[in-house]
Amino acid sequence: MPDQLPGSTSNLPLHTSPLTLSRRRERGRFNRDESECLLRLALIPLRAVDVFDGRENARKWLTEPARTVGGETPLQFADTKPGAREIERLLIRLALVVYS
């Protein structure tokens with residue numbers, strides 16, 4: 001996994017059982033909530049690559065526990081819609097060098 005960022009679609013936390021994911025795969029699409037979750041969680045690593053100037057720095061930031069999100073990793077914290085929005089806001093602040 002050296003060239004991959006965390007958050008590939010096979011590892012996204014969709015809160016969906018493997019059986020349901022299998023059915024979605026057979027059907028060829030996710031429902032609206034699942035699609036939104038996939039998109040949200042796929043965009044966070046992409047933004048992190050831009051903010052941290054590279055894949056390795058982004059991977060490190062996304063997968064190491066952070067005080068700013070209560071000791072969770074940013075990816076763990078982004079597991080919910082509000083958490084993902086907070087991580088997105090944090091990445092924007094970091095990109096703009098706004099300290100809070």
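Heads up: numbering here begins at 1 and tracks the sequence.
- Between atom CG of residue D33 and atom CG of residue L38 there is a gap of 11.0 Å, rounded to the nearest 0.5 Å.
- The heavy-atom pair separating L41 from A78 by the smallest distance is CD2-O, 3.2 Å.
- Classification of R59 and E56 as a salt-bridged pair holds, one side-chain N sitting under 4.0 Å from a carboxylate O.
- For the pair L62 and P74, the tightest heavy-atom approach, listed with the atom from each and the gap, is O-CD, 3.4 Å.
- Within the structure, no pair that satisfies the ring-ring contact (aromatic ring centres under 6.0 Å, His included) test touches residues 75-96, not counting sequence neighbours.
- The minimum heavy-atom distance linking R47 with E88 is given by the pair CD-O, 4.5 Å.
- For the atom pair OG1 of T20 and CZ of R25, the computed distance is 11.5 Å after rounding to the nearest 0.5 Å.
- Not a single salt bridge (Lys or Arg N to Asp or Glu O under 4.0 Å) links K60 to another residue, sequence neighbours left out.
- When all heavy atoms are compared, the tightest approach of R40 to A84 is CD-CB, 3.1 Å.
- For R29, the CZ atom counts as loosely surrounded, since its 6.0 Å shell holds 12 or fewer non-hydrogen atoms of other residues, nucleotides or ligands.
- Atom-to-atom distance recorded for L91:CG and E86:CD is 10.0 Å, nearest 0.5 angstrom.
- Contact record, E36 with K81: OE2-CE, 2.7 Å, taken as the closest heavy-atom pair.
- The ring-ring contact (aromatic ring centres under 6.0 Å, His included) pairs that include a residue from residues 37-56 are F52-W61, where partners are two or more places apart or lie in different chains.
- In terms of heavy atoms, T63 sits closest to T73 at O-CG2, 3.2 Å.
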